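Report on one structure; see the data block that follows.
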Number of protein chains: 2
Amino acid sequence: MKQILLLEDDQSFGYILSEYLNMQDFQVTWAKSAEEALKLLQKQHFDLAILDIMLPKMNGFELAEILKRENEDLPFIFLSARSLKIDKLKGFKLGAYDYVTKPIDEELLVAKIRALLTLTQKKVTTQSSYTIGKYDFFPALLKLVFQDGSEIRLTARETALLSMLCQHHNQLLLRKKALKEIWGIQDEFSRKSMDVFISHLRKYLSKDPSISIENVHGKGFIFKY
Amino acid sequence: MKQILLLEDDQSFGYILSEYLNMQDFQVTWAKSAEEALKLLQKQHFDLAILDIMLPKMNGFELAEILKRENEDLPFIFLSARSLKIDKLKGFKLGAYDYVTKPIDEELLVAKIRALLTLTQKKVTTQSSYTIGKYDFFPALLKLVFQDGSEIRLTARETALLSMLCQHHNQLLLRKKALKEIWGIQDEFSRKSMDVFISHLRKYLSKDPSISIENVHGKGFIFKY
DNA sequence: AGTTTTCATTAAGTTTTTTAATCCTTGCTT
DNA sequence: AAGCAAGGATTAAAAAACTTAATGAAAACT
């Protein structure tokens, strides 16, 4: 569940919004001042921050500047009653993902939040382990472990390819996509090389017959399990 | 310079917007139909797409779906005269960064674009090139180019190590840190391997005597230039 | 049915990375 | 300050990983 930090000094609005976001399956932590927000940020991880701008002491802009300096990749959205263009420009310049003016449309806000989270999370995706039939696959350890405890050590490319297959399991993984991601710019030549690795993986995974890497002619592969 | 794909069938609006974006130092390619946009996407790399929704044949939503399926991580913004909430929701659901309604404020649009580009580019972390004294280093191409045009091809590990050194240039890069990042949390054994690569890099960079990779006993290296 | 393109697998060739060996440097100990 | 251990530089060798080639089979196209 995604952790959201909400900075908002207005009691009733803050309450309503945090309840709404909670309902939408976000884990909201509500800070009523920038100072409180900073303390929370040091203790806990957040996936996204929603920042009100006008606050009694330190304002949302100032907090954002600190965030950018310290907490590098926490994405944030400004939320403010001020709809002046100059404020919006300042917001974006500070690296905000969006600048939403009150009154807000909660449904749209949630849609934006989800889009943003998908975007920022995308890169990090690699799970730390996958269960593939009777195997366990540990990408970071370059290891594939069979039910009976026997291990197969994988090479870097084998691991990269198997990871991609896992991320798309039971869906088509386009050749083009894998080539681009693992081999970099797709010179149509490494096609051959990729085939060799598919072949390796099939061999490694052959102890469980319910697993298969099936080819879709001209398109790519489907990793079924 | 950032490459932007603009999909817009309205002649005059498309012209004005692409001119404006050009002025703001973006490299804009203007497609007048979704089909044309698709062709361009196959040939060229873009950093961002701006998609009009209402188009004669294939519309912007449909194109976005294809993009999501095929072209991995090209971020896009919808641009439309339709301001219905249902359209906006659909836009975000498709993974758009934003949904902007006409008439647009060009200045705000550019601010958003810049913010989004920063956001998406950040993930890739590694700069696309570094100037090191009389050399240019292109991590993605695994190349080190000397002033006189002569090229040195680097291996994956050489590139990874040189990238890290660049990121910390004129500061101490801890051995431990490099080992962890490049070799994975590793046994003190690949220490030796790392030394070999340091040695390679020194040799490659020896044509410019103002560059040096200096050792800090027991700690790591400082890349000076 | 024949032809062309794509795919699977094995083997051979090449490149990259690691390990080893040797000598040098740094900083500590007495 | 001499001796010594631990860290570092460089080159060469061995090992591992990756790519290319070769062959035969399957799929799609005419």
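Please read all numbers here as calculations on a predicted model, not as lab measurements. Heavy atoms only: backbone and side chains are in, while hydrogens, waters and symmetry mates are out. Numbered from 1 within each chain, the chains take letters A, B, ... in sequence-line order.
- Rounding to the nearest 0.5 angstrom, the gap separating the CG atom in A:Leu116 from the CZ atom in A:Phe76 is 10.5 Å.
- Taking every side-chain heavy atom of A:Arg157 into account, D:dC18 is the closest of C:dT18, D:dT20, D:dC18.
- Atom CZ of B:Phe197 is separated from atom P of C:dT19 by 11 Å (rounded to the nearest Å).
- Using a 4.0 Å heavy-atom criterion, one finds that A:Ser193 contacts the bases of the nucleic acid, with or without backbone contacts as well.
- Looking at B:Asp195 and B:Arg175, a side-chain N of the basic residue comes within less than 4.0 Å of a carboxylate O on the acidic one, giving a salt bridge.
- Relative orientation of the B:Phe78 and B:Phe61 rings is perpendicular, given thresholds of 30° and 60° on the angle between their planes.
- In this structure, B:Arg191 does not reach the D:dG7 phosphate: none of its side-chain N or O atoms is under 4.0 Å from OP1 or OP2.
- Checked against C:dC7, D:dT10, D:dC18, the side chain of A:Ala156 finds its nearest nucleotide in D:dC18.
- Phosphate proximity of D:dC18 to A:Trp183: absent, as no side-chain N or O sits under 4.0 Å from OP1 or OP2.
- Ring geometry for B:Tyr97 versus A:Tyr97: interplanar angle over 60°, hence perpendicular rather than tilted (30 to 60°).
- Within residues 199-225 of chain B, the residues that place at least one heavy atom under 4.0 Å from DNA chain C are, in residue-number order, B:His217.
- As a whole-Å value, the separation of A:Ile198 CD1 from C:dT10 P is 15 Å.
- Screening B:Asn215, B:Leu173, B:Val216, B:Ile213 for a side chain to side chain contact (heavy atoms under 4.5 Å, CB included) involving B:Ile222 leaves a single residue, B:Val216.
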Hey, mind stepping through B:Leu21 and B:Val110 against side chain to side chain contact (heavy atoms under 4.5 Å, CB included) and telling me if it holds?
CA-CA 8 Å; B:Leu21 291 174; B:Val110 166; 3.8 Å; yes
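- Rounded to whole angstrom, the span from the CG atom of A:Asp195 across to the P atom of D:dA21 amounts to 14 Å.
- Counting non-hydrogen atoms under 4.0 angstrom, A:Arg175 reaches the backbone sugars and phosphates but no base.
- Rounded to an integer number of Å, the gap from CD1 of A:Ile182 to C1' of D:dC18 is 13 Å.
- Counting to the nearest Å, the P atom of C:dC23 and the NZ atom of B:Lys192 are 15 Å from each other.
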Step by step, work out the side chain to side chain contact (heavy atoms under 4.5 Å, CB included) result for B:Leu117 and B:Phe26.
CA-CA 11 Å; B:Leu117 286 175; B:Phe26 297 111; 3.8 Å; yes
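- When the C1' atom of C:dA8 is taken as reference, atom CE of A:Met194 falls 13 Å away, rounded to whole Å.
- Phosphate contact (OP1/OP2 of C:dT15, side-chain N/O of B:Arg153, threshold under 4.0 Å): absent.
- Going from atom CG of A:Leu162 over to atom C1' of D:dA17 covers 17 Å, rounded to whole Å.
- In this structure, the CG atom of B:Leu161 is 13 Å from the C1' atom of C:dT17, given to the nearest Å.
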